[in-house]
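Read the structure below first, then the notes.
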Amino acid sequence: MTATAATASPLVLVTGASRGIGLAVARELADDHTLLLGGRDADALRDLARTFPAARPVVADLTDPDGVAEAVAALDLDGGLAAVVHSAGILVPGRVEELTAADWARSFAVNVTAVADLTRLLLPALRLARGTVVTVNSGSGFTAGPGTSAYSASKFALRAFSDALRAEEAPHGVRVSSVHPGRVDTDMQHELRGFERGEYEPARYLRPESVARAVGLAVRATDEASLDVISVRPRG
């Protein structure tokens, strides 16, 4: 489905919008933005779009460059794009001795390459609107521990991408915000705790809505301001 050129509110694309942090971001921005909900599950995205005042699904597998290019080309972005929030990501756990080349490739394909390629396709519309790129990173974009080498390496790389993009796009008026949450109560956290063989303690984790608030702050920042890096940690 295409977006109309004239919208009553700023247009924002959220990837991974059907669950977790992406869903929380969509809910956070829904009242004052027209949403483009990115993901792979067409039925889930259509159902979700009906729950918002102004939203449309954008169905694509981020690891399929041709499919992503077709999805972006189908959007009418002549009025510009106020923001893209890169929320989609995967966890590839394992110790270095266990990880294969395919594991490393999969981690980087989703967490880095897909982000870079989608951003490239959206840059003309982002420049037109003096828009904002938000990369939802992780505390693992700053530190790495045992069993998280592939995930942390991809998040370090995502931080490097965000830093480089920020410098490159500043002359074009595009802002780049890198949001680094600590542990969040999501499906990915269940997967990580399963790998760690640890107790799941949601009271000690951030709520997705808390991360979404930080994303909203970056997207809604006043025109002369840029929130380059935001770290959101569990209070306890």
Side-chain angles (χ1 to χ4, degrees), residues 9-41 43-58 62 81-91 110-111 115 118 131-142 151 155 158-159 162 175-194 196 198-222 225-236:
S9 53
L11 190 64
V12 58
L13 170 61
V14 181
T15 71
S18 62
R19 63 178 185 166
I21 293 173
L23 176 57
V25 168
R27 289 171 173 161
E28 167 69 22
L29 299 178
D31 286 346
D32 57 353
H33 290 80
T34 295
L35 301 176
L36 298 174
L37 305 172
R40 292 181 298 177
D41 189 330
D43 292 337
L45 291 173
R46 287 193 200 96
D47 290 343
L48 179 62
R50 295 188 187 101
T51 69
F52 295 120
R56 297 175 174 85
V58 180
L62 291 175
L81 183 67
V84 56
V85 180
H86 294 286
S87 182
I90 62 169
L91 171 69
V110 176
N111 294 344
V115 173
L118 178 57
T132 303
V133 177
V134 180
T135 56
V136 179
N137 200 298
S138 169
S140 294
F142 291 116
Y151 179 71
K155 292 300 186 178
L158 182 61
R159 178 161 58 93
S162 301
R175 305 184 292 200
V176 181
S177 295
S178 185
V179 178
H180 295 258
R183 293 191 177 231
V184 186
D185 183 13
T186 61
D187 292 342
M188 183 182 289
Q189 192 63 227
H190 280 279
E191 184 180 355
L192 177 59
R193 292 304 284 157
E196 294 172 335
E199 182 181 354
Y200 196 83
E201 303 173 280
R204 298 183 60 183
Y205 310 144
L206 291 166
R207 293 179 296 112
E209 293 77 12
S210 299
V211 183
R213 284 285 188 92
V215 171
L217 187 66
V219 170
R220 297 186 180 103
T222 51
S226 176
L227 280 65
D228 294 352
V229 180
I230 303 175
S231 178
V232 188
R233 315 299 300 174
R235 192 172 183 179

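Side chains included, hydrogens not; waters and symmetry mates left out as well; all remaining heavy atoms used. Note that the numbering runs from 1 along the sequence shown for the chain.
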Over all atoms of both residues, closest heavy-atom pair of [X] and [Y]:
X: L37; Y: A26; result: CD2-CB, 3.9 Å
X: V12; Y: V84; result: CG2-N, 4.5 Å
X: P57; Y: L45; result: CB-CB, 3.6 Å

Student check: side-chain heavy atoms of [X] and [Y] closer than 4.5 Å:
X: H33; Y: R220; answer: yes
X: F52; Y: T34; answer: no
X: V211; Y: L206; answer: yes
X: K155; Y: F142; answer: no
X: V134; Y: T132; answer: yes
X: V25; Y: V215; answer: yes
X: V179; Y: V229; answer: no

- request: Ignoring hydrogens and angles, state whether a donor on the side chain of S87 or T15 is under 3.5 Å from an acceptor on the partner side chain.
  value: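 Not at all, the side chains of S87 and T15 share no donor-acceptor pair under 3.5 Å.
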
- prompt: Going by atom types alone, do N137 and T135 pair a side-chain donor with an acceptor below 3.5 Å?
  reply: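 Their side chains do not contain a donor-acceptor pair, so the 3.5 Å distance test is not met.
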
task: Report the distance from atom CZ of R175 to atom CG of L227, rounding to the nearest 0.5 Å.
output: 8.0 Å

